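Some notes on the structure that comes next.
Predicted model, so just to flag it, every value in this text is computed and none were measured. In what follows, chains are A, B, ... by sequence order, proteins preceding strands, each numbered from 1.
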Amino acid sequence: MTEEIIVAGFGGQGVLLAGKMLAVAAMRQGKHVSHIPSYGAEMRGGTANCSVVISDEEIASPTIEHPSVLIVLNEPSLKKFEKTMAPGGLLLVNTTLIKAKAEREDIKVVYQDFTDFAREAGSDKSANMAALGCLIKEKNFICSLEALINALDEAVSQRNRRFNTIN
Amino acid sequence: MTEEIIVAGFGGQGVLLAGKMLAVAAMRQGKHVSHIPSYGAEMRGGTANCSVVISDEEIASPTIEHPSVLIVLNEPSLKKFEKTMAPGGLLLVNTTLIKAKAEREDIKVVYQDFTDFAREAGSDKSANMAALGCLIKEKNFICSLEALINALDEAVSQRNRRFNTIN
Amino acid sequence: MSKMTYAFPQSLSETRTHYCAGCGHGIVHKLIAQVLDELNIREKTLLVAPVGCSVLAYKYLNVDGLEAAHGRAPAVATGLKRVQKDKIVLSYQGDGDLLAIGAGETIHAANRGEDITVIFLNNAIYGMTGGQMAPTTMEGQKTLTSPQGRDIADVGSAMRACELIDTLEAPYYIERCSVHDVKNVNRTKNAIKRAIKYQVEGRGYSFVEILSMCPTNWGLDPVKSAKWIEEDMVPYYPLKKFRDKGEEA
Amino acid sequence: MSKMTYAFPQSLSETRTHYCAGCGHGIVHKLIAQVLDELNIREKTLLVAPVGCSVLAYKYLNVDGLEAAHGRAPAVATGLKRVQKDKIVLSYQGDGDLLAIGAGETIHAANRGEDITVIFLNNAIYGMTGGQMAPTTMEGQKTLTSPQGRDIADVGSAMRACELIDTLEAPYYIERCSVHDVKNVNRTKNAIKRAIKYQVEGRGYSFVEILSMCPTNWGLDPVKSAKWIEEDMVPYYPLKKFRDKGEEA
Amino acid sequence: MAAKGEPLINSERCKGCGLCIANCPKNILEMSKEFNSDGVTFPTLNDEETCTACTFCATMCPENAIQIRRF
Amino acid sequence: MAAKGEPLINSERCKGCGLCIANCPKNILEMSKEFNSDGVTFPTLNDEETCTACTFCATMCPENAIQIRRF
Amino acid sequence: MEEKILMKGNDAMAEAAIIAGCSHYFGYPITPQNEVPAYFAKRLPQVGGTFLQAESELAAISMVMGASAGGARVMTSTSSPGMSLKQEGISYMAGAKLPCVIANIMRGGPGLGGIAGSQADYFQATRGGGNGDYQTIVLAPGNVQELADLTILAFDLADKYRIPVIILGDGYLGQMSEPLVLPKPSGKTFEKPWAITGAKDRDPQFIASMRLTPENALEQLNLELQETYRVIRENEVITECYQCDDADTVLVAYGTAARIANKAVIKLREQGINAGLLRPKTLWPFPSEILRKITNDKKKVLTVEMSAGQMHEDVLLACDDKNKVDFYGRLGGALPKVDEIIERVKSYE
Amino acid sequence: MEEKILMKGNDAMAEAAIIAGCSHYFGYPITPQNEVPAYFAKRLPQVGGTFLQAESELAAISMVMGASAGGARVMTSTSSPGMSLKQEGISYMAGAKLPCVIANIMRGGPGLGGIAGSQADYFQATRGGGNGDYQTIVLAPGNVQELADLTILAFDLADKYRIPVIILGDGYLGQMSEPLVLPKPSGKTFEKPWAITGAKDRDPQFIASMRLTPENALEQLNLELQETYRVIRENEVITECYQCDDADTVLVAYGTAARIANKAVIKLREQGINAGLLRPKTLWPFPSEILRKITNDKKKVLTVEMSAGQMHEDVLLACDDKNKVDFYGRLGGALPKVDEIIERVKSYE
Ligand SMILES: Cc1ncc(C[n+]2csc(CCOP(=O)(O)OP(=O)(O)O)c2C)c(N)n1
Ligand SMILES: Cc1ncc(C[n+]2csc(CCOP(=O)(O)OP(=O)(O)O)c2C)c(N)n1
Ligand code: SF4
Ligand code: SF4
Ligand code: SF4
Ligand code: SF4
Ligand code: SF4
Ligand code: SF4
Ligand SMILES: [Mg+2]
Ligand SMILES: [Mg+2]
């Protein structure tokens, strides 16, 4: 089994970190994983996304053309990635900043107010964490909640400053 | 008919200028000509030489492997080039600085004290000019003495400073 | 009757910048646009943008623009000015660009007295690449490539561009300013205006250094960044006019 | 009993140089060799030779040597010294090398206070390539690429290396000398010796500039060349010690 | 004292840096509770009467998000 | 006055620049009439009695062609 | 099983270099390889090494030259425009027979271009973007583990042959995180009697690319270099084949493009189409002989690259029948698409 | 007959550039092309142009970029190590679609190497020694007259296609003097609406190689460049054949090597051996199609180069049957020998 997950949002919403946490958690549970941040056309103040592949088998390509899971934290990301999704995929939409609805009918869509959810939990930065919790509820193949929480500590300690900058 | 002439000596003896004068004089008399200074392995205070080709026909290659004429103004040049000469060629040796004798027997050798000759004429720099005079006496195919003298003026005016330096 | 002041300068494009919140580049762009408006030279201004966070500066100013390779802006500006002699050529550069990889070009354009204006944004760091040590990084300042803080015993002290250029004969105008508060923003604008005016008059090379905030890579919020300039940078980088041949005369 | 003075220095190889008659490079090589002998450090000296007439300097001095690309000698010396920390690293450079293409490397090695000694031969011209204008070419001096004489309105004034480097914090020792007469040759030797001694003591960066004859490209005979230095160059390039942190202490 | 003018704040251009707020001599700017469509908060005027139209806020704004209307 | 020493001139190393001659305080060096094998003229001592072994000539020589024997 | 850590390509390369005994790093920042200097800046002082941020790429490669001549294991890294600036220095080091490791984490060009990963510097790396007849060994890792492993090898090859070795990765590889087992040191050591360490108890020696005299000295140096290149060509080719044996179409790709090609092969096989993949891990020396043999009886060969077709020339040069060689590439930082590869291969049926 | 003057290659190139309307020259001294800046320094001020000696090759190519963007016809020249330093700038100009003429009067490498003429920068010129997928037009004159004539053409091609054009000569050609008839200006003019002249009565415009947004912008730029390259490949190949028709063996050579090969052909014919010579005058675009056709029915093809075999790869890529292609080259500034060529060709009999 293989999940191809894209997490997308504004720069600064922590999408890269979220992806990394997923990857670490899944790796700890014996999965093959890969993580690539977008750092291409994006710029300061622009959008950011990352591609996470989680699989039982060796991973052929870490790049994703047709995600089986898409988490979008802002509206441009929904517009950009929805159409690329694999049929039958799972789409998680952050309704705090996204008023639009998904158009595809061959996928499963979950709407959730991540930012609100996160702000209630004390930080407006961790909309991404809320999204992850929501994800593994839907797809428990990926990892356990416990593994995810452990990964959080690990990931945070590795992160110190943004690297994925332009030029 | 084609003559392939190498003039060789110390840097500063004016061998490049001498070659250029020959070429200009011959060109003025309707010949095809080419002139290449050595600037390769030579360095300040080292040796210098030039290759002059003079021909009735278009010149295939301006580089010379087997000179039909060799003018040597110092001993290292004799050692270096004598052996490359075409059989039947003409070798002019400056006896001021060259005590050694030529070894080849299949060429014509003329020994002349160019420096002495030139110094008598008022300059120890124009050993090269003496050599040219000597050459066209032997090979009047190349150009007339008059053409040579005209070329001198021309060549001198073009020369201002040494270009053929290393690096 | 109400009147708009501080209107949007004509020379500034409406394109939103990609700069981080509180970044000094935005302030300096605005000042340049105001000066071009006031001198009425937008249509004859040619901007050479560097490689650095301001790599897209030519998209934000309503003037013709040209890219330079990292560090080479003064040389590119030289070539351009020597063709477009009656135009106003600005070389806009960051500290990595101007003092690290471009130190040679910087000094030589200044030494020739090239008839260009160099606007030098000193934010004590490589902004674009995510916060590495710049030639202007302060002693002890932590960056990605000086994780223990700049160790002057190992890599030397922060370099001072104005002082270096002030040893050369040709430059016409050299000044260091800052954009950390209102008074200094206004002084900066005057310096830019004077520098560009000198070029309009064909007086030769002018150089304006501007201390500027990089909240993102300093790890400080914009207001604290402004304070850091005032308290830490200004004492090391004295804000003053180093040379003004126009005044001497 | 007779005694040989001015004997052939051990550190000088017997290979004949390729330098033109009266070239200052020969004098400076000799002085370096004498200093290495006197400090007894030949066996631990590493020479970085530049691209320029002195490109073969490592063949003339009996020490280990390394080539640098044109202008990069201080950077090469930096890499070498940071590996061979207990060795003495000399960067020998001409004016085109040090101030034109290598201006960036020169300033940055100095600014870091790299523990190396830079010996800078200023002959106001590109010798090796046959006499083009150098950054140090004097106003009005004719060269292949300034056939009407250096026009300072177009290309600026001659650059002064010591003055430039003297604006930086780190350098330990900076002096300008000349080899145009006996007194100055001896002063040059002392400066070289002091500079190298400081490196032996691990004090950091030292810089010795030496005005030197290039009879060939100046179009003057050696004796007139020496006079030209005295009368034309020295007034523009003051011979003095700019900095000596060893003395200050 | 009557207001001499007012800052017109383009909240969509604003990046929420707070430099305007910190530099207002009258201390009459504060951060909004709302977000603009980029998700950032922006300055609002909390005391319309006091503004002197000094332009300090606009002068500091890196985004050209403030213009001043003088009454 | 007796000579204090003498310059030993290696005529084969010499390039004939004349710096030694110009810098001899006693003016006792002059160019040879002969050539060395490179075709250059070299300095010779024209007054052996006057040399003070001051080493000036050697100091100026770019070619290390002069050494001084002190008596 | 050994412990796996999730590590970014750039970090993994830097850590592997330290494991390989790299004591000196000189570099200049540029995206997408900025993690490399940052990693060395933290780690090298901890292991007694030296990290120095150079004032430019030119200075960086020159410092590398100095450190290498001094006998150290030394590395630099950069991305495309920075690599262009290093060409003179690399040519000097090749001519002076100085070992070093240089990583180019490629981005889209030409010029400033963009920062997305690319493979458009293949010619520069394999044909020598600098002046003169020289070669550098060019390694092309395909994943983070291999990036680390080949980094260890890079230092050994550099010292063994006294040659600069280029690690040619792309921005995606540098930015990608994957589980990694830290590699072990190779254990090999190399004497460096040629190093510049002071002429004590031996004659002075010097290191230079220049040869002015005697007249044939420079040709001699070149012949020596060519001989070394011949030996390397014979001994150091590394390549990997995936399902080539029964394939009708063989894809040829390296680095990130090979990952994508690999996925295409899997999907093609799922659809009953026999495709295979040949993945060179050394781009110079290029596995020409292996490729020639493998492709001799195939119907089609398809080069897949993130460029306008650079390695493609080596594929054409290797294959006996050029007519069966096709090319699919994406430019300027764009990624090849699995779908497009599949479509192309199907068009051969 | 028009008046002939004996002129050095380097001088002839500079004078021809001035005839072509080159108003700006920026360069940095290096042997064996030092006559070029010296010539411009004297002549350009006389015709109202600008000569400026740059502080380095990097500055020189950057000044060229600025002047080109300003709309001038501009030139620089250098030799091998200096050309390596210009690679970043050339890549920028290619990406920014800026015309210019760059002469590389090659010398032996790698590194500092020597100063004798060489052809070892062929790959650098034709494959792009800088970063990214770009091409420059590369012209290869074989004698002084042609050097002057092709210089005129170089400026026209540069402006026509908005592309850097390289004149690839070798030190021998630059130093050689031959009788020359000064070329005439082509008379062609090219509008430059893209030039940076101030946004008066039009929208501001900018010149850049960078494309960051939208996501496919850089690929788009690259596709445009590739399309231009295709057009150039179709239209601008220039080559010369000498006695190829009835030849059994065709030599392929350019520049000074072609002069020597030409002499060998004459001597071979004297000995009754049917040899011919194909001499590309454009190295990029390379005359692949012509070469393929000409050599199809020949017994042997022999590339003659002053390198380890660089153009040789283009010959191999062009010929249908690689097995009949042989190589003879001399390295590091050495000249091929007529005798050795003859011997090699005879060995095919
Ligand atoms: C040749 C080259 N080297 C490195 C880079 C990467 N780079 C882009 S911007 C930059 C430095 C930015 O710092 P600075 O000049 O201070 O500008 P800032 O972003 O701080 O305004 C660097 C190193 C590049 N694009 N090209
Ligand atoms: C990259 C590069 N550019 C140019 C040259 C040619 N070159 C060799 S030496 C030199 C300058 C020599 O002048 P200087 O440094 O003053 O030394 P000098 O010969 O006067 O002692 C130049 C330009 C080169 N070898 N490499
Ligand atoms: S990184 Fe710094 S300089 Fe760059 S845009 Fe952000 S704040 Fe400004
Ligand atoms: S050209 Fe000048 S610097 Fe070079 S060796 Fe001759 S005199 Fe000395
Ligand atoms: S104009 Fe002055 S007083 Fe009014 S809000 Fe702005 S800063 Fe405050
Ligand atoms: S200064 Fe400008 S960008 Fe910053 S908070 Fe105020 S309005 Fe917004
Ligand atoms: S030692 Fe002194 S006195 Fe004697 S020859 Fe030399 S310079 Fe003259
Ligand atoms: S100084 Fe030396 S080289 Fe010059 S003339 Fe005297 S002995 Fe000869
Ligand atoms: Mg900065
Ligand atoms: Mg010099």
Is the closest side-chain heavy-atom distance between F:R13 and D:F8 below 4.5 Å? yes
Can you tell me if CG on F:D47 sees more than 12 non-hydrogen neighbours from other groups inside 6.0 Å? yes
For D:D181 and F:M60, work out which heavy atoms get closest and say how close. C-SD, 3.5 Å
At what distance, to the nearest 0.5 angstrom, does CE of D:M4 lie from CZ of F:R70? 11.5 Å
Using the rule given for side-chain contact (heavy atoms from CB on, under 4.5 Å), can you reason through D:K3 versus F:R69, listing the C-alpha separation, both sets of side-chain angles and the distance that settles it, and then say yes or no? CA-CA 6 Å; D:K3 208 183 84 188; F:R69 189 205 312 276; over 6 Å; no
Which heavy atom in D:K30 sits nearest to a heavy atom in F:T59, and how many Å separate them? NZ-O, 2.7 Å
Whatever's closer than 4.5 Å to a heavy atom in chain F on D:H180 counts as backbone
Are there more than 12 heavy atoms of other residues, nucleotides or ligands under 6.0 Å from atom NZ of D:K227? no
Which one of D:P222, D:G24, D:A33 has the most heavy-atom pairs closer than 4.5 Å to chain F? D:P222
Between D:A21 and F:C17, the two heavy atoms sitting closest are C-CB, 3.7 Å
Which bit of D:L31 comes within less than 4.5 Å of chain F, counting heavy atoms only: side chain, backbone, both or neither? neither
Heavy-atom pair count under 4.5 Å with chain D, highest-scoring of F:A65, F:G18, F:P62: F:P62
What's the spacing between D:E14 CD and F:N64 CG if we round to 0.5 Å? 10.0 Å
Options D:C23, D:P9, D:G26, ranked by heavy-atom pairs under 4.5 Å with chain F, top entry: D:G26
Less than 4.5 Å to any heavy atom of chain D: does that hold for the side chain of F:C14, its backbone, both, or neither? backbone
Within the supplied structure, the quantity of interest is the number of heavy atoms (other residues, nucleotides, ligands) at a distance under 6.0 Å from F:E48 CD; does it exceed 12? no
Quick check on F:E12: does its CD atom have over 12 non-hydrogen neighbours (other residues, nucleotides or ligands) under 6.0 Å away? yes
So, F:K15 and D:T17: side-chain donor and acceptor under 3.5 Å apart, yes or no? yes
Heavy-atom distances under 4.5 Å only: say whether D:V179 touches chain F with side chain, backbone, both or neither. backbone
Please tell me if the side chains of F:L19 and D:M213 come closer than 4.5 Å, counting only heavy atoms from C-beta onward. yes
For a quick test of reading the model, state the closest non-hydrogen atom pair linking F:A22 to D:V223 and the distance between them. CB-CG2, 3.7 Å
Quick check on side-chain contact (heavy atoms from CB on, under 4.5 Å): which of F:T55, F:I66, F:L8 does D:Y6 satisfy it with? F:T55
